[in-house]
A.B. asks: 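Here you go, one structure.
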Amino acid sequence: MGASQVVTRFAPSPTGFLHIGGARTALFNYLFARHHGGKFLLRIEDTDRARSTEPAIAAILDGLTWLDFNWDGEVVYQFARAARHAEVANQLLAAGHAYRCYATAEELDAMRAAQRAAKLPMRYDGRWRDRADWPADQPFVIRLRAPQTGSVTIDDLVQGPVTVANAELDDMVLLRSDGTPTYMLAVVVDDHDMGVTHVIRGDDHLNNAFRQLALIRALEWPEPAYAHIPLIHGADGAKLSKRHGALGVDAYRDAMGMLPEAVENYLLRLGWGHGDDEIISRAEAVAWFDLSAVGRGPSRFDMKKLESVNGHYMRAADDSRLVALISPRVEAGIGRALGAADHDILQRSMAELKKRAPNLNDLASSSLFYLRTRPIPMDDAAQRLLASTPIALLSQARQQFAGLEDWSAATVEAAARALAEASGVKLGQLAQPLRAAVTGATQSPGLFEVVETLGRDETLGRIDDALATMQRAAHPDAHQADVD
RNA sequence: GGUCCCUUCGUCUAGCGGUCUAGGACGUCGCCCUUUCACGGCGAAAACACGGGUUCGAUUCCCGUAGGGAUCACCA
C-alpha cells in the first residue's frame, strides 16, 4: 500500500512567525494526512538567506507543537538541499529543457518598463531561449524552456478544474546567477524527493502551480494532486497579512490566552463545514475532514466567534490544567509566587470561575480576589454599593455568620436568607453588599461558593474591613482622633 | 492592466433542481432562570449580489454585469 500512501507537507518560509493562515494550512494538511492514514511532513523553506531567521524557525515549530499538529519524520531544511536543486537544474540544462540566460537585471527592467508602457503583459521575452553564443565569464541564470503553446489544466481538489494557456507563462528562473535555486525549483524538487502526493497550500500559490507543473513534466516526474485553500481575511475584508496586524499563533496563546483546541476548532470551521456541527473534536475532525467540503472563497476572521469557541473549551477544560495555565498570570497579578494554599484555592474555585471567562487572561484576573491579602482592593462600583448600605445590616450578617456551627455554602446561605427575611429586605439587598465586602467587586461567582472557598476567618475578616471603612466614612471626626 | 479564482443573514457556514415561507453557529435585541456576572433555556430581527437564459420548476446548471480576492521577481 506504500505507493498509494498519502503524503502531505506544510512548508512555511521562516521570514516571520507562524501566522493564523499558516496554522490553518498546516491543520488541513495534518487532517488530510491523518484521515487517509498517510504522512504529514514539515519543510522549512529557508532559501531566502537574507530574510530567514532562527527565531522564526523556532516560533513555527513552537506554534505547531502548541497546536499539536505533529509532523512525521525529521524537519527538512530546504537550504541544506541546494546542491540537489542545482543538480536537477543542470540535468534539465543537459537535456535541453532549460537554457542559460545572460540578461542583466538592467536589461530585464528595461524590458518590463517597455512592456508596461505598451500595456503588454510583463513576461520574460525569451531573448536567450534559442541562443548559444554564450559570453565567457559572464554570470547567467538557468531558465526553464517552458512550452509556449497549448494549455494546462489542474484538477484542483478545492478550486475544481482550472485552465491556463501556456502562452501566459514565461520561462522562469530555476537557478540564480549565484548558483542558488529559486523557490519554484526547490519546491518541485523537494516535494518530489519527499514523496509528496498532495500539495495543500494557500490560494496565493494557485498561479504557481502551473509553472511548477511545467517543470514537473519536463522532469517526467509524477504529478501531485493540488488543493489551493482560500486565504483568511481580516474583519475588514482585506488580506490578513503581517502588515494588517496578522498575529502569530503565540499571540493567541499568550496575549489573548486562547486554548489550542479552540484555535484549532475555530480554524477548522473557517472555510470548512460538516453539516451543522460547530464543536468538533480532533478525532471527529480526522474522521470527517475532506478537501471537497472546503469553501472556495476567502473567509473573514471573526475574533468574537473565536472567543466564543474558546469559552466553550475553557468550560470543558480540566480544572487543574487551567490552574497551571493561569498560574504565571495570577502571580503577575498579585505580585508574589503562589504557594500550596493558593493553588488549593484556585483549584477549588476553578469550576465556578471557568464558567464566566472567555480566555485565560480574564480567568486569571477573575481569580485574583481569592488570593489577595486583606484589606483587599475595592472597585468603584463596590465602594458605591457599600456606601449606600446600612451598617447595621452588614454588621448583623457578620454576627450571624460568626455564630454558625458549620461553615459551608449551604449554611451561610441559610443564615443570609433568614437574616434578609427578618430584616424585611430581599436577599439581593444583603448579598450584593456582602459580595462587595468579600470580593471587592459587584460581579463574581456565586457568593456562597466564594465564601465557602475563602473560609470563615477570611470571610469575617473581609467583612470587618468593609465595616471599618463604612464606619470611618460615617464618622470622619472620630476617625480623625484615632489618627492623631 | 493581463491571467486566474470567488460571491447564501453583519461574520462563519448548511444547502449539491422541487424537502426553502432558506437551516445552524457567533454577534445583536427581548424574555426566562437567578444573590451579581456568567452559564443555561426560550424567542426575535437578519441572506440566496444583479440581469439574462436552460428547465414543468432554480439558492442550486449555463452566460453576462457588478463587486471582492489572488498573481504577474535572479521573494517565498
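Each chain gets a letter, A, B and so on, in the order its sequence line appears, and its residues count up from 1. Since we're looking at a predicted model, the values are computed, not measured.
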A.B. asks: Tell me the partner of B/C9, counting only Watson-Crick (N1-N3 plus N6-O4 or O6-N4) or G-U wobble (N1-O2 and O6-N3) with both under 3.5 Å; none if nothing fits.
C.D. replies: none
A.B. asks: Rounded to the nearest Å, what distance is computed from the CZ atom of residue A/Arg211 to the P atom of nucleotide B/A70?
C.D. replies: 18 Å
A.B. asks: Regarding A/Arg49 and the six-membered ring of A/Phe79, is the cationic atom NZ or CZ under 6.0 Å from the ring centre and inside 45° of its axis?
C.D. replies: yes
A.B. asks: Taking atom P in both B/C61 and B/C5, compute the distance separating them and give it to the nearest angstrom.
C.D. replies: 16 Å
A.B. asks: With heavy atoms under 4.0 Å as the rule, sort A/His228 into base, sugar-phosphate or nothing.
C.D. replies: nothing
A.B. asks: On a whole-Å scale, what distance lies between the P atoms belonging to B/A47 and B/C12?
C.D. replies: 16 Å
A.B. asks: Map A/Arg315 and A/Thr47 onto RNA chain B by nearest heavy atom, then report which one ends up closer to the 5' terminus.
C.D. replies: A/Arg315
A.B. asks: Calculate the interatomic distance between A/Arg100 atom CZ and B/C74 atom P; express it in whole Å.
C.D. replies: 19 Å
A.B. asks: Could you write out each protein N or O paired with an N or O of nucleotides 1-8 of chain B at a distance under 3.5 Å?
C.D. replies:
{"residue": "B/C5", "atom": "O2'", "partner": "A/Gln159", "partner atom": "OE1", "Å": "3.1"}
{"residue": "B/C6", "atom": "OP1", "partner": "A/Arg296", "partner atom": "NH1", "Å": "2.7"}

A.B. asks: Show which side-chain atoms of residues 258-268 of chain A pair as donor or acceptor with protein atoms under 3.5 Å away, not counting sequence neighbours.
C.D. replies:
{"residue": "A/Glu261", "atom": "OE1", "partner": "A/Arg321", "partner atom": "NH2", "Å": "3.0"}
{"residue": "A/Glu261", "atom": "OE2", "partner": "A/Arg321", "partner atom": "NH1", "Å": "2.7"}
{"residue": "A/Glu261", "atom": "OE2", "partner": "A/Arg321", "partner atom": "NH2", "Å": "3.4"}
{"residue": "A/Glu264", "atom": "OE1", "partner": "A/Arg282", "partner atom": "NE", "Å": "3.3"}
{"residue": "A/Glu264", "atom": "OE1", "partner": "A/Arg282", "partner atom": "NH2", "Å": "2.9"}
{"residue": "A/Glu264", "atom": "OE2", "partner": "A/Arg282", "partner atom": "NE", "Å": "2.8"}
{"residue": "A/Asn265", "atom": "OD1", "partner": "A/Ile280", "partner atom": "N", "Å": "2.9"}
{"residue": "A/Asn265", "atom": "OD1", "partner": "A/Tyr313", "partner atom": "OH", "Å": "2.5"}
{"residue": "A/Asn265", "atom": "ND2", "partner": "A/Glu278", "partner atom": "O", "Å": "2.9"}
{"residue": "A/Tyr266", "atom": "OH", "partner": "A/Asp302", "partner atom": "N", "Å": "2.7"}
{"residue": "A/Tyr266", "atom": "OH", "partner": "A/Asp302", "partner atom": "O", "Å": "3.4"}

A.B. asks: Looking only at atom P, what distance separates B/U59 and B/U19, rounded to whole Å?
C.D. replies: 10 Å
A.B. asks: With no hydrogens and no angle check, do the side chains of A/Arg435 and A/Gln432 hold a donor and an acceptor under 3.5 Å apart?
C.D. replies: yes
A.B. asks: Atom CE of A/Met111 and atom C1' of B/C72: how far apart are they, to the nearest Å?
C.D. replies: 12 Å
A.B. asks: When rounded to the nearest Å, what value does the distance between P atoms of B/G23 and B/C63 take?
C.D. replies: 30 Å
A.B. asks: Is any side-chain N or O of A/Ser299 closer than 4.0 Å to OP1 or OP2 of B/U13?
C.D. replies: yes
A.B. asks: Could you let me know what B/G64 is paired to, Watson-Crick or G-U wobble, both distances under 3.5 Å, or none if it's on its own?
C.D. replies: B/C50
A.B. asks: Quick one: ring pair (Phe, Tyr, Trp, His ring centres under 6.0 Å) partners of A/His97, sequence neighbours excluded?
C.D. replies: none
A.B. asks: Once ring pair (Phe, Tyr, Trp, His ring centres under 6.0 Å) is applied, do any residues pair with A/His312, and if so which ones, sequence neighbours excluded?
C.D. replies: none
A.B. asks: Classify A/Val173 by what it touches in the nucleic acid, base, sugar-phosphate, or nothing, heavy-atom distance under 4.0 Å.
C.D. replies: sugar-phosphate
A.B. asks: If the P atom of B/G30 is compared with that of B/C37, how far apart are they to the nearest Å?
C.D. replies: 13 Å
A.B. asks: Sugar-phosphate means primed atoms, P, OP1 and OP2; the rest is base. With that split, encode nucleotides 27-38 of chain B 5' to 3' as B, S or - using protein heavy atoms under 4.0 Å.
C.D. replies: --------BBBB
A.B. asks: Answer with yes or no after comparing the ring centroid distance for A/His233 and A/Phe301 against a 6.0 Å cut-off, counting only values under it.
C.D. replies: no
A.B. asks: Just distance, no hydrogens or angles: give the donor-acceptor pairs under 3.5 Å from side chains in residues 50-60 of chain A, sequence neighbours left out.
C.D. replies:
{"residue": "A/Arg51", "atom": "NE", "partner": "A/Asp48", "partner atom": "OD2", "Å": "2.9"}
{"residue": "A/Ser52", "atom": "OG", "partner": "A/Asp48", "partner atom": "O", "Å": "2.8"}
{"residue": "A/Thr53", "atom": "OG1", "partner": "A/Ala56", "partner atom": "N", "Å": "3.2"}

A.B. asks: Please classify the nucleic acid contact of A/Ala103 as base, sugar-phosphate, or nothing, using heavy-atom distances under 4.0 Å.
C.D. replies: base
A.B. asks: Could you tell me how far apart A/Leu306 (CG) and B/U13 (P) are, to the nearest whole angstrom?
C.D. replies: 14 Å
A.B. asks: Under 4.0 Å from any atom of RNA chain B, heavy atoms only: list the residues of residues 270-279 of chain A that qualify, in numerical order.
C.D. replies: A/Leu270, A/Gly271, A/Gly275, A/Asp276, A/Glu278
A.B. asks: Searching all strands shown, indicate the nucleotide that pairs with B/A70 (Watson-Crick or G-U wobble; both distances under 3.5 Å).
C.D. replies: B/U3
A.B. asks: What is the pairing partner of B/G43, taking Watson-Crick or G-U wobble pairs with both distances under 3.5 Å in any strand?
C.D. replies: B/C29
A.B. asks: Can you list every pair that meets side-chain hydrogen bond (donor to acceptor under 3.5 Å, both in side chains) and has a residue in residues 384-396 of chain A, with sequence neighbours left out?
C.D. replies: none
A.B. asks: Could you check whether A/Arg112 gets within reach of a base, just the sugar-phosphate, or nothing at all, counting any heavy atom under 4.0 Å?
C.D. replies: sugar-phosphate
A.B. asks: Would you say the side chains of A/Asp156 and A/His228 form a donor-acceptor pair under 3.5 Å?
C.D. replies: yes
A.B. asks: Which part of the nucleic acid, if any, lies within reach of A/Met184 when heavy atoms closer than 4.0 Å are counted: base, sugar-phosphate only, or nothing?
C.D. replies: base
A.B. asks: Which whole number of Å gives the distance between the P atom of B/C62 and that of B/G18?
C.D. replies: 16 Å
A.B. asks: Quantified in whole Å, what is the P atom distance between nucleotide B/A44 and nucleotide B/C6?
C.D. replies: 36 Å
A.B. asks: Expressed as a whole number of Å, how far does the P atom of B/C42 sit from that of B/U8?
C.D. replies: 29 Å
A.B. asks: Within a reach of under 6.0 Å around CZ of A/Arg116, are more than 12 heavy atoms found that belong to other residues, nucleotides or ligands?
C.D. replies: no
A.B. asks: Output all residues satisfying ring pair (Phe, Tyr, Trp, His ring centres under 6.0 Å) with A/Trp288, sequence neighbours left out; order by chain, then residue number.
C.D. replies: A/His274
A.B. asks: Atom CE of A/Met350 to atom C1' of B/C39: distance rounded to whole Å?
C.D. replies: 16 Å
A.B. asks: Between B/A76 atom P and A/Met172 atom CE, what is the distance in whole Å?
C.D. replies: 13 Å
A.B. asks: Restricting to pairs with a member in residues 135-178 of chain A, which pass ring pair (Phe, Tyr, Trp, His ring centres under 6.0 Å), not counting sequence neighbours?
C.D. replies: A/Tyr102-A/Phe140
A.B. asks: Expressed in angstrom and rounded to an integer, what is the separation of A/Leu215 atom CG from B/A76 atom P?
C.D. replies: 14 Å
A.B. asks: How is A/Asp170 classified with respect to the nucleic acid when contacts are heavy atoms under 4.0 Å: base, sugar-phosphate, or nothing?
C.D. replies: nothing
A.B. asks: Determine which nucleotide pairs with B/A22, using a 3.5 Å limit on both distances of a Watson-Crick or G-U wobble pair.
C.D. replies: none
A.B. asks: Hey, is the side chain of A/Arg143 poking within less than 4.0 Å of OP1 or OP2 on B/C74, counting only N and O atoms?
C.D. replies: yes
A.B. asks: Applying the Watson-Crick and G-U wobble criteria at under 3.5 Å, what pairs with B/U36? Answer none if nothing qualifies.
C.D. replies: none
A.B. asks: Between side-chain atoms of residues 349-357 of chain A and protein atoms elsewhere (two or more places apart, or another chain), which donor-acceptor pairs fall under 3.5 Å?
C.D. replies:
{"residue": "A/Ser349", "atom": "OG", "partner": "A/Ile345", "partner atom": "O", "Å": "3.0"}
{"residue": "A/Ser349", "atom": "OG", "partner": "A/Leu346", "partner atom": "O", "Å": "3.1"}
{"residue": "A/Glu352", "atom": "OE1", "partner": "A/Arg356", "partner atom": "NH2", "Å": "3.0"}
{"residue": "A/Glu352", "atom": "OE2", "partner": "A/Lys355", "partner atom": "NZ", "Å": "3.4"}
{"residue": "A/Lys354", "atom": "NZ", "partner": "A/Ala317", "partner atom": "O", "Å": "2.8"}
{"residue": "A/Lys354", "atom": "NZ", "partner": "A/Asp319", "partner atom": "OD1", "Å": "2.7"}
{"residue": "A/Arg356", "atom": "NE", "partner": "A/Glu352", "partner atom": "O", "Å": "3.2"}

A.B. asks: Return the value, rounded to whole Å, for the distance between atom OH of A/Tyr183 and atom C1' of B/C72.
C.D. replies: 15 Å
A.B. asks: Once ring pair (Phe, Tyr, Trp, His ring centres under 6.0 Å) is applied, do any residues pair with A/His85, and if so which ones, sequence neighbours excluded?
C.D. replies: none
